[in-house]
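Everything on this sheet refers to the single structure shown next.
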Amino acid sequence: MEKILFNKVVEGLKHLYDADVNLKQIQIQQTRKEFAGDLTVVVFPFLKASKKGPEQTAEDLGAYIQENTNEVKAFNVVKGFLNFSISADYWIEVFNKISLTNNYGHSVGSSKTVMVEYCSPNTNKPLHLGHLRNNFLGFSVANILKANGYKVIKTQIINDRGIHICKSMIAWQKFGEGETPESSGLKGDHLVGKYYVEFDKAYKVEIADLIDGGMDKAEAEKEAPIFKEAQLMLLKWEEGDEKIRALWKKMNTWVYSGLDVSYETMGVDFDELYYESDTYLLGKDVVEDGLAKKEFYQKEDGSVWADLSHTKLDDKILLRSDGTSVYMTQDIGTAIERYKKHTDLSGLIYTVGNEQNHHFKVLFTILEKLGYKWAEGCYHLSYGMIELPEGKMKSREGTVVDADDLMEMIVADAKEMTQERGHLDGMNENEREELYSTIGLGGLKYFLLKVDPKKGMVFNPAESIDLNGNTGPFIQYAHARIQSLLKKAEELGFSKEYSDVEINAKEQEVIKLMNNYPSVIKEAGIAYSPAIIANYIYDLVKEFNNFYQTVSILKEEDKQKVAFRLCLSEQIGVIVKSSMLLLGVNVPDKM
RNA sequence: GGGCUCGUAGCUCAGUUGGAUAGAGCACCUCCCUUCUAAGGAGGCGGUCAAAGGUUCGAAUCCUUUCGGGCUCACCA
């Protein structure tokens, strides 16, 4: 419809004023709800051509377009805004098309492949609240890109080596007394995390002792025996010391089985895994090669640097003076590796917090400098930190919100709420438990995804999650109502066949929103933003609730209207379900 | 100090490439279940869009400055 109107505006201006307006000046937008009409043309840009005031120009143009366009039923003018009302028949036609479309809103096959990386945990501790935002975001963006026709490879790089792992290992050796997940009943990742904390405790005591002995703080931090042990262990690990490797392997295996449980609960998965222990040496040869080709330079001490003076970025070290690599080096190597492995890759999306904005800017700049054209397809999906009401989460101060604990808590809340007001009749115990988790996790996911990813957000675990208002359960509830309605209609033998029907204003509003779904998916794909989807669903459901509450569906006497309203409700249910799945949220049929 | 970024109702957030009287939810106050699921709906209260300038028919949105947060600029990962 926008296109039709657009062309008519061009045509009208030509006819009325013999004017060729810059096409970019034609703005067609959806009419705001407080005004009559469906679509609005802003006429201010045409005043020069018409040499008339805004009202008169709008009147002229409106009259011409109504005269020459079948779908336009009426128009009105408010200041420089020309509002058109589109005929109900047009909207019914729109709805009919939507009903007949499979996978409505999804695009098919651009045949491009993109890789989406998210989660990428360290293996020395369990996941926390920040990881939840990361995982939900990455998983949802992957879904959204699929809906936009891309082939998507979901991946993560598991940071399974380094000094942090050794800290857990040392502490376990010293204080663990052979404790295992089986013996302690702890989830593997939590067990290993426990020893990471134990390390820190012992480390602090040693530092304090050294400071008491007259050492300054910085030196004490380096000289503490337990820290030196960890460093030594890392060296041995790199040398391939068998005992160390065996311990490392054992503890990582515990962590993986723990993480798998978390992923299962979160409802996320991966197509391809990378391990840092395999990739941490990558990139060195590329850097050495680049040095030979004078793409990088070497300082007198032997360290190798990328010259980034052509940008606003500072130069970046790539190899230390002892020849070992830094984080950036392996990121360069890993990116190259991925494009080698997947020759059809057209994009690589890193879901990583915004504290690494600078890192990725530098990474992409270096890749471009090295002449990799695909570097422009790399994108840092940067998201803001989650803060607690009392401020930032600090692992040192023990204010980190554990992911498993939080999910368990939220599901427990959902259980309580659901038992209070839910429709649980006829559900067995398994189905009930599944419902609690659908509602609890749905609420959590929606809560974390409805906010623009780029922005930081505040999360209050104590208040848990509102289940009223703009929330996951609000939307799930609407879906359950629709299914219940359809079921009842079927039981009562109502037909869903209609041929000639009149629709009211509410129904038309809902159809207009449904009509936007495909462009919302596109927009969300371009912006890598599940929040756009979430806000859209909310608007749609609010509109539906309004409709549902004001008109009676099954008590309507006109059978045509009943049939149409059932179809309308059914289609809304389809869109709600499909869009919520893009967020990784399931919707129940009963709740 | 340099770079990036944010500041919208008491709180949590929307606000498309600049467009109409800045919108939701929570909280607070009214109403609406003998009617398809009240986890719902209708209404009320609540704003100097951090501040000041500028650009123009028009600015929460673009530019400049100021104030106030955050991140970052390691031979750490």
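In what follows, every chain begins at residue 1, and chains take the letters A, B, ... in the order their sequences are listed.
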All N/O donor-acceptor pairs, side-chain side in residues 529-541 of chain A, below 3.5 Å, sequence neighbours left out:
from   : atom 1 : to     : atom 2 : distance (Å)
A:S529 : OG     : A:A531 : N      : 3.4
A:N535 : ND2    : A:A531 : O      : 3.1
A:Y536 : OH     : A:L513 : O      : 2.7

With [X] via side-chain hydrogen bond (donor to acceptor under 3.5 Å, both in side chains) - residues at least two apart:
| X | answer |
| --- | --- |
| A:S50 | A:T57 |
| A:S277 | A:D160 |
| A:E238 | A:R161 |

Proximity to RNA chain B (any heavy atom under 4.0 Å), residues of residues 357-364 of chain A only = A:H358, A:K361
Show the distances under 3.5 angstrom between N or O atoms of the protein and N or O atoms of nucleotides 32-36 of chain B.
from  : atom 1 : to     : atom 2 : distance (Å)
B:U35 : O2'    : A:K555 : NZ     : 3.1
B:C36 : O2     : A:L554 : N      : 3.2
B:C36 : N3     : A:I553 : N      : 3.2
B:C36 : N4     : A:Y548 : O      : 2.4
B:C36 : N4     : A:V551 : O      : 2.6

Need one value for [X]: base, sugar-phosphate or nothing, where a base atom within 4.0 Å counts as base even if backbone is also close, heavy atoms only.
| X | value |
| --- | --- |
| A:L313 | nothing |
| A:Q483 | nothing |
| A:K542 | sugar-phosphate |

Collect all protein-nucleotide pairs involving nucleotides 12-14 of chain B in which both atoms are nitrogen or oxygen and the distance is under 3.5 Å.
from  : atom 1 : to     : atom 2 : distance (Å)
B:C13 : OP1    : A:V458 : N      : 2.6
B:A14 : OP1    : A:D452 : N      : 2.7
B:A14 : OP2    : A:K455 : NZ     : 3.2

note = Hits for salt bridge (charged side-chain N to carboxylate O under 4.0 Å, His left out) against A:K217, two or more places apart or cross-chain, chain-then-number order -> A:E221
ask   = RNA chain B: A:I28 or A:S303, which has the more 5' nearest nucleotide?
value = A:I28
remark   = The complete set of side-chain hydrogen bond (donor to acceptor under 3.5 Å, both in side chains) pairs with one or both residues in residues 24-33 of chain A, sequence neighbours excluded, reads A:Q30-A:N516, A:T31-A:T40, A:R32-A:E34, A:K33-A:E543
query = Does any pair with a residue in residues 321-333 of chain A pass side-chain hydrogen bond (donor to acceptor under 3.5 Å, both in side chains), and if so which ones, sequence neighbours excluded?
reply = A:E276-A:Q330, A:R320-A:T324, A:D322-A:T324, A:D331-A:H359
Protein-nucleotides 60-63 of chain B N/O pairs under 3.5 Å:
none

Please tabulate, one pair per line, each protein N/O and nucleotide N/O from nucleotides 18-20 of chain B that are separated by under 3.5 Å, including the distance.
from  : atom 1 : to    : atom 2 : distance (Å)
B:G19 : N7     : A:Q27 : OE1    : 3.2
B:G19 : N7     : A:Q27 : NE2    : 3.2
B:A20 : OP2    : A:R32 : NH1    : 2.3
B:A20 : N6     : A:T40 : OG1    : 3.0
B:A20 : N6     : A:N83 : OD1    : 3.3
B:A20 : N1     : A:N83 : OD1    : 3.2
B:A20 : N1     : A:N83 : ND2    : 3.4

request  = Specify the separation, in whole Å, of atom OH of A:Y538 and atom C1' of B:G40.
outcome  = 12 Å
message = From the set B:C73, B:C71, B:G40, return the single nucleotide nearest to any side-chain atom of A:Y477.
response = B:G40
